[in-house]
Structure formats: structure tokens, C-alpha cells
Number of protein chains: 2
Amino acid sequence: MNAARERAAEPTAAVAVDEVDAAYLESLIGYNARRAALAMIGAFLPGMAAFDLRPVDFSVLSLVLHNPGITSRQLCATLGILPPNLVGLVGTLERRGLVLRQPHPTDRRAMGLHLTAPGRALMRKAERTAAGIEAAVASRLSPAEARTLIRLLRKVYLDR
Amino acid sequence: MNAARERAAEPTAAVAVDEVDAAYLESLIGYNARRAALAMIGAFLPGMAAFDLRPVDFSVLSLVLHNPGITSRQLCATLGILPPNLVGLVGTLERRGLVLRQPHPTDRRAMGLHLTAPGRALMRKAERTAAGIEAAVASRLSPAEARTLIRLLRKVYLDR
DNA sequence: TATTGTTATACTCTATAACTATA
DNA sequence: TATAGTTATAGAGTATAACAATA
């Protein structure tokens, strides 16, 4: 039965897959981290859209709120954004009257970023909304599990 | 001293930021998950580049390896890829002689995907490399911590 | 000589509409 | 009427090179 054996060894037998086995991918930290990050972004998008903010806009405004006078260079380094891609982002936030740029006190090349009063008011609401979204997702975890998750994630991405 | 008080209340005082305070962002699961996912992808890229594979190519080939006969539709549903974006991806893998498409046994609209012998040989090496990359990153975690991390990440992104 | 911010530009990734063949 | 696969295309995100002003 050569033909039968060849068919048995044939790598391309025409069989249907009833249920997909993703066990291997699900054993990888990278796969799970990406899936979780995409789920969080998916949960974030509608809430932030109410303020006409993308997640990256929220991150930038949050850093400016908590670090008045922060420079573009510092924002780029903290968030992993390339300088050319931050220019338009900050420009849009400035045109919306949420941030303003002031001369840096010691470095005349740089500009310090600050929130305007409307910018601070918007961020107060946005951070409350963000906290609610986090709480909704974290409700699947106990408070201790949420703390553990953040601690382990930081171990993964922080150098040493 | 109205002028002094106004300056004190002035939201845009020209002060420099010596060290960026990202404590708020670092308290968010979403921010940490995204940072960790990007770190894992960054570790993955050079290793997979040796096989001329992107992370998404590796994911697709891995699912085809462990699910011979899987359809494009099933790949899209499992990986969150939109059908139009999978066409070129699979086409490239097919032109490279790594996968081949065979008629689906029961649905003449669909095509079952299979790895060729060179495709399986490549994936044996690629999965070994992936395991090494995972181990290198997971070396910052104890085996128990790595298991806990994956379990908590799955709680975040799995519905209920 | 190096760095900050900027412009222009290219490349990749992701998303939408519409079509065909078949279920 | 709905689904699998496909084409064309648009939009968002990310990348590099080069420049002026300043350190």
C-alpha cells in the first residue's frame, strides 16, 4: 500500500480544522502581552474619544500636567515617540488651546510645555474617565492581582 | 502684591523639569502592558529577522504548523487580522515556498493552509529561537512569576 | 561637535468598500 | 441572504535624512 502510506505521510492532507489550537502562541509572554495591550487600548478608545483624545494624546497631556515645563525631548524619551512625530501632535494640542509652549528658562533651543486652564480642566475629567476604564478591566482581577500584574510587567520592560 | 500672587498662580511659570515623573502613567495597566508588549516585540525582531520573518509571519506560520488545513478566516479570527491584510501576507509566504493552499475538503469557497517541508524545517528553528528569546526575557522573572504573568494577562484580554 | 526642534518624506500597519464564487 | 477570499484604496502610525538655532 504505497499510495496509502504516501497519503499518510503527505503533509498536505485535505482535512478541516474544527477548533483552532493556539496553545503554543498562548504560552509566549509576548503574544499575551500584545493581546492584553490591544484589549486595554480597545477599552480606552471610546472613553477618550469623548474628549477627542487618542491614547497618545492622553499620555502626552498627562505628562505635561504632572511635569509642567517638560520639553519635547523629554516627552519623546519617556514615551518612545520620535521627535518628528511629536511636532504635529503638540501643534494640534496647542491649536486646541490645551497646551502652550514657553521659552525654556536655561536652554534657548528648547520649549517648556504647560497645560492651559482648559487643558487642566479637560485632563481632570479625562483622568477620572481613565481611572474608571482601568477599574472596569481590573475588576476581573483582585486588587492584589492588579498590583502583581503591574509589578511583573515592569520587570519585563525595565532594563535590569 | 497682586503681581506676585498672579505669578504664583500662573500656570505657565518658566521652570525646567530635571527628572520626568511618570508615576501616574505607570499606575495604569494599559500603559505597562503596552510598554511590555513593545519590549517583547523589540526582543523578537532581531531573532526573527534571521529567518526573514516578522512577528506576524511567525504567528501565522505557527498556527498553520499546529493546525494543518486552517483557513484564512480562522487565522484572521485568531490573530485579529483583517482579511484583506492577510492576503498579501499569505501570498508572500506561499511564493517563498513555506506554505501551500489546498482546496478545503467541504467548503469550496475556502482554502486550507499547510506548511511545506521547508516551511516546517524553518519553523522548527524559528520556534527554538523564539523559546530562547522568551527565556532571556523571562529570566528576569521566576518560573512561577512567568506563569502568573501569563495567567493575569489572559484574565485581562479574555472575555469573562 | 552635539543637541533641540523642525520639515519633508517614505514606509509599514490597519481599516473600509466593493466584487466573485460558493454556502 | 450570508460567508470566504480577494482587490483596490485610504488612513494612521512609525521611520530616516537633513536643516537652522543654540549648547
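Numbers restart at 1 for each chain; the letters A, B, ... are given by sequence-line order, proteins then strands. Bear in mind the structure is a predicted one, so any value in this text is a computation, not a measurement.
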### Query
Does atom CZ of Arg96(A) have more than 12 heavy-atom neighbours from other groups under 6.0 Å away?
yes
#### Entry: salt bridge (Lys or Arg N to Asp or Glu O under 4.0 Å) partners of residues 21-32 of chain B, not counting sequence neighbours, each pair once
Arg154(A)-Glu26(B)
### Query
When you match Ala110(A) and Arg108(B) each to their closest nucleotide on DNA chain C, which lands nearer the 5' end?
Ala110(A)
### Summary
Residues at least two apart in sequence or cross-chain that pass ring-ring contact (aromatic ring centres under 6.0 Å, His included) with Phe51(B), listed by chain then number, are none
### Task
Before giving the answer on side-chain contact (heavy atoms from CB on, under 4.5 Å), spell out for Thr78(A) and Asn67(A) the whole-Å C-alpha distance, their side-chain angles and the decisive distance to 0.1 Å.
CA-CA 12 Å; Thr78(A) 305; Asn67(A) 300 270; over 6 Å; no
### Message
I want to check something: taking the side chain as every heavy atom from C-beta on, are Leu75(B) and Ile70(B) in contact at a cut-off of under 4.5 Å?
### Response
yes
## Note on the structure
Per-helix bend value, the helix from dT1(C)-dA23(D) to dA23(C)-dT1(D), C1' rotation axes over five pairs per end, 10° rounding, shows 10°
### Query
Under 4.5 Å between any side-chain heavy atoms of His66(A) and Glu127(A), yes or no?
yes
### Task
Select from Arg101(B) and Arg34(B) the residue whose nearest nucleotide in DNA chain D is closer to the 5' end of that strand.
Arg101(B)
### DNA chain D: 5'-most and 3'-most nucleotides touching chain A, 4.0 angstrom heavy-atom criterion
dG13(D) to dA23(D)
### Task
Give the rounded distance in Å between these two atoms: CG of Leu86(A) and C1' of dT6(C).
11 Å
### Query
At what distance, to the nearest 0.5 angstrom, does OG of Ser142(B) lie from NZ of Lys155(A)?
6.5 Å
### Message
When you measure from the side chain of Ser139(A) to the backbone of Ala136(A), do you find a donor-acceptor pair of N or O atoms at a distance under 3.5 Å?
### Response
yes
### Within residues 36-50 of chain A: residues closer than 4.0 Å to DNA chain D (heavy atoms)
none
## Note on the structure
Taken in chain and number order and not counting sequence neighbours, the residues that satisfy ring-ring contact (aromatic ring centres under 6.0 Å, His included) with Phe58(B) are Phe44(B)
### Pairwise distance CD(Glu134(B)) to CG(Leu28(A)) - rounded to 0.5 angstrom
4.5 Å
### Task
For residues 54-72 of chain B, pull every pair meeting salt bridge (Lys or Arg N to Asp or Glu O under 4.0 Å), keeping only residues two or more places apart or in separate chains.
Arg54(B)-Asp57(B)
### Query
What residues form a ring-ring contact (aromatic ring centres under 6.0 Å, His included) with His104(B), not counting sequence neighbours?
none
Could you run down the sub-3.5 Å N/O contacts of the protein with nucleotides 7-11 of chain C?
none

#### Entry: Between dC13(C) (C1') and Arg54(B) (CZ): distance, integer Å
9 Å
## Note on the structure
Besides Ile29(B), the hydrophobic cluster formed by Ile, Leu, Val, Met, Phe, Trp and Tyr side chains linked at under 4.5 Å, directly or via other members, contains Ile29(A), Met40(A), Val137(A), Leu141(A), Leu149(A), Ile150(A), Leu152(A), Leu153(A), Val156(A), Met40(B), Val137(B), Leu141(B), Leu149(B), Ile150(B), Leu152(B), Leu153(B), Val156(B)
### Query
With ILVMFWY side chains joined below 4.5 Å, transitively, what does Leu45(A)'s cluster contain besides itself?
Ile41(A)
### Query
How far apart are the closest heavy atoms of Thr116(B) and Gly97(B), and which atoms are they?
OG1-O, 2.6 Å
### Query
Looking at residues 70-82 of chain B, who's got a heavy atom less than 4.0 Å off DNA chain C?
Leu82(B)
